[in-house]
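See structure below.
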Amino acid sequence: MGKYKRTHMCGQLGLANVGEAVSVTGWVQRTRDLGGLIFIQLRDRSGIVQAVVNKDVTEELFELAGKVRGEYVLAVSGEVIKRAESAINPKMSTGYIELAVKELEVISKAETPPIYIEDDLNASETLRLKYRYLDLRRPVMQKVFITRHKVAKVVRDFMDENGFLEVETPMLTKTTPEGARDYLVPSRVQPGNFFALPQSPQLFKQILMVSGFDKYFQIVKCFRDEDLRADRQPEFTQIDLEMSFVDKEDVMELNERLLQRVFKEVLDYDIQLPVPKMTYKEAMERYGSDKPDTRFGLELKDIGDIVKTSEFKVFADTIANGGLIKAINAEGCSDKLSRKEIDSLGEFVKTYRAKGLAWINLSAEGVKSPIAKFLKEEELNAIIDRVGGKTGDIIFIVADSPKVAYDSLGQLRLELARRLELIDKSKYNLLWVTEFPLLDYDEEENRYVAMHHPFTSPMDEDIQLLDTDPKSVRAKAYDIVLNGYELGGGSIRIHNSELQEKMFGLLGFSKEQAWGKFGFLLEAFKYGTPPHGGLAFGLDRIIMLLTGTDNIKDVVAFPKTQTASCLMTNAPSPADEKQLNELNIKTTV
RNA sequence: GGCCCAGUAGUUCAGUUGGUUAGAAUGCCAGCCUGUCACGCUGGAGGUCGACGGUUCGAGCCCGUUCUGGGUCGCCA
């Protein structure tokens, strides 16, 4: 740095400093040259302060100040002076004072930046990502990463106070079957062999329980080579934890206290404990989602029993084929949604594979519905009665396979809430979703797959059903949901080898296959395994919720685009011939 | 892999039915200006209309392909 040692941060200066000689450093936000008087707004992480250069000080200083441009890095020394009454700017936190410059050093010049360093910029995301270092200078972005730092600190403090140890697990690990695609890393010293970057530290943390660490946590990067979304990055951060000698209530109790602490210290928001619990079954039936947003109503109602013998074939056939008929009553929407908008909602549910969206408009002029003519009057009345319909409401109905009916109406529920602005944005509704199914049937592979992962324990009262009715077995698994976002999930794991083998059997693995895939874990389990369970939070999603963005790129310092590339570094890029030869790799593109 | 949207000065955008020299705002450069804080005034520079191909007397505009970015479904145990 230059000859002037910094004494204060820009944003800290105020009336208390009036009369002091200070030195500040930072980037030039803006200059205003009035001819005989030059104002320079200087910005650092703490805020912006106005420096003023008067022609009367020295000619050299004034000439130098006139050459200063935006984003130059300066060191400025002078006296803090109180602004005249008429010159006060109440919009700036430092607007009651200014710095009368005595000395000025241009530490570094800057080219004209391609994006403005301002909070309300509307530059394209492409440019922001290419010039991420400039984008990150914006105060809103700096605030996000201050929040992110705070959350990580609160988590570490809390975990430490509760007896947890942070242990690092490897980034170069073994590729795991089932689950997402792995990012692979070639081994040079073992030609033809590959490491995988971890999708999660799952198996290592379970082994740490075998090792007697008792309570483990880690704030850790995880990698999944799947297609991106607005809320999904190929590398992301988990708050990962595991505990020994606990049942699911212990894990849930600890984690809701953790979240309570984070919300208190970061947002000064009070979360009431205990967090409400809802079974998976109830969540699906009432909200069509395993991560329901409970800040508003619009709940789903089942009308299958009313229309299962209906002459309307669409409904009767759906029930006969094991499907569901679900309805939402959009209260008071009759005069809020035009016919065109209703049709667009029909297109909307098709995104989720629904074949169609039936509706009954209970308008003031009478019942309008394309399906009314197929229904008997008592069927129509029973439907209206079931959903509590009254004049002015519109009832939306989907008849489809259970998955499609839940999915499409669950999403329609969210879409209606957005369009009708039913969501109270000041609320943070936490919810535990529990009793997830242990298994999910994969139609393509014609076998059961683990809904959570193969080491998730079934509920004690359902173990007997493993032989007779695997599909209805519930797991000791739990997700924590906030405003419709899955913040984290976990489970109690299997620590009994007979049960574990039965589980592998259900998943269609032979003993040999299971040992081939997970041998190191099964081997470890032979040497004394405590009952254990844990949970992992998506840190990025927590930060999104805390900072009020729905774009994960806003909470990651150097994020990837939809094609998983970094616009700043241009990664990924081709490797040169020498590197590939050393790794014994040939590419075919 | 499917569907949808966008790409024009440094930046954000406009650009009519396909028609002469592609505009605005802002930023940038220069000059003037001692209380600005979105400073003001005057002047100036700044364009491979994402790329390639086609239709046409003529394409920013129409057609095809492709690239890049965004959203989403599948996918993400």
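In what follows, chains are A, B, ... by sequence order, proteins preceding strands, each numbered from 1.
Separating the C1' atom of B:rG69 from that of B:rA30 is a span of 37 Å, rounded to the nearest Å. Of the C1' atoms belonging to B:rU21 and B:rG47, the separation is 13 Å, rounded to the nearest Å. The same atom, P, is picked in B:rC49 and in B:rU8; the two are 11 Å apart, to the nearest Å. Taking the C1' atoms as reference points, B:rU42 lies 12 Å from B:rC33, given to the whole Å. Spacing between B:rU12 and B:rG50 at atom P, rounded to whole Å, works out to 14 Å. Taking atom P on both nucleotides, B:rC63 is separated from B:rC4 by 14 Å, rounded to a whole Å. Straight-line distance between the P atoms of B:rA6 and B:rG23: roughly 25 Å, to the nearest whole Å. Taking the C1' atom of each, B:rC28 and B:rU65 are spaced 38 Å apart, rounded to whole Å.
Of the possible polar contacts, one joining the A:Gln513 side chain to the A:Ser510 backbone as a donor-acceptor pair under 3.5 Å is found. Panel note: side chain A:Asp462, backbone A:Arg474; a donor-acceptor pair is recorded below 3.5 Å. Looking at A:Gln500, its side chain does come within 3.5 Å of a backbone N or O of A:Pro454 through a donor-acceptor pair. With hydrogens and angles disregarded, no donor-acceptor distance shorter than 3.5 Å links the side chain of A:Tyr72 to the backbone of A:Trp27. Remark: side-chain polar atoms of A:Asp182 are not paired, donor with acceptor, to backbone N or O of A:Leu184 under 3.5 angstrom. Judged by distance alone, with hydrogens and angles left aside, the side-chain atoms of A:Asp240 form no donor-acceptor pair with the main-chain N or O of A:Gln218 at under 3.5 Å.
Between A:Asp400 and A:Lys355 there is a salt bridge, since a side-chain N of the basic residue sits under 4.0 Å from a carboxylate O of the acidic one.
As rounded to whole Å, 17 Å separates atom P of B:rU68 from atom NZ of A:Lys560. One atom, CG of A:Leu129, and another, P of B:rU11, lie 15 Å apart when rounded to the nearest Å. For A:Asn122 and B:rA25, the CG to P distance is 17 Å, given to the nearest whole Å. What separates CG of A:Asp550 from C1' of B:rG70 is a distance of 13 Å, to the nearest Å. Atom NZ in A:Lys130 sits about 12 Å away from atom P in B:rG10, given to the nearest Å. Remark: P of B:rU12 and OH of A:Tyr131 are 11 Å apart, rounded to the nearest angstrom.
If you check residues 501-523 of chain A against RNA chain B, you find no residue with a heavy atom closer than 4.0 Å.
Among the atoms of the strands shown, only primed sugar atoms or phosphate atoms (P, OP1, OP2) are found under 4.0 Å from some heavy atom of A:Leu127. Residue A:Ser565 is classed as a sugar-phosphate contact, given heavy-atom separations below 4.0 Å to backbone atoms only. Among the atoms of the strands shown, only primed sugar atoms or phosphate atoms (P, OP1, OP2) are found under 4.0 Å from some heavy atom of A:Leu567. In this structure, A:Thr456 reaches neither bases nor backbone, as no heavy-atom distance under 4.0 Å exists between it and the strands shown.
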Listed pairs under 3.5 Å, donor-acceptor, residues 48-65 of chain A side chains, sequence neighbours left out:
residue, atom, partner, partner atom, Å
A:Gln50, NE2, A:Glu98, OE1, 3.1
A:Asn54, OD1, A:Asp56, N, 3.0
A:Thr58, OG1, A:Leu61, N, 3.1

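Remark: the A:Arg541 side chain and the A:Thr237 side chain contain no N/O donor-acceptor pair separated by less than 3.5 Å.
A sub-4.0 Å separation between OP1 or OP2 of B:rG7 and a side-chain N or O of A:Ser124 is absent.
The partner of B:rC3, taking Watson-Crick or G-U wobble pairs whose two distances both stay under 3.5 Å, is B:rG71. Nucleotide B:rU26: paired with B:rG10 (Watson-Crick or G-U wobble, both distances less than 3.5 Å).
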Protein heavy-atom contacts under 4.0 Å, written 5' to 3' over nucleotides 27-43 of chain B as B (base), S (sugar-phosphate only) or - (none), form the string SSSS--BBBBBSB----
Protein heavy-atom contacts under 4.0 Å, written 5' to 3' over nucleotides 71-77 of chain B as B (base), S (sugar-phosphate only) or - (none), form the string BBBBBBB
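A salt bridge (charged side-chain N to carboxylate O under 4.0 Å, His left out) check over residues 24-39 of chain A, counting only residues at least two apart or in different chains, returns the pairs A:Arg30-A:Glu118.
Side-chain contact between A:Leu134 and A:Ile117 is present, with heavy atoms from C-beta onward closer than 4.5 Å.
Every residue was checked against the ring-ring contact (aromatic ring centres under 6.0 Å, His included) condition with A:His452, not counting sequence neighbours, and none meets it.
Judged by the 6.0 Å and 45° rule, A:Lys174 forms no cation-pi pair with A:Phe520.
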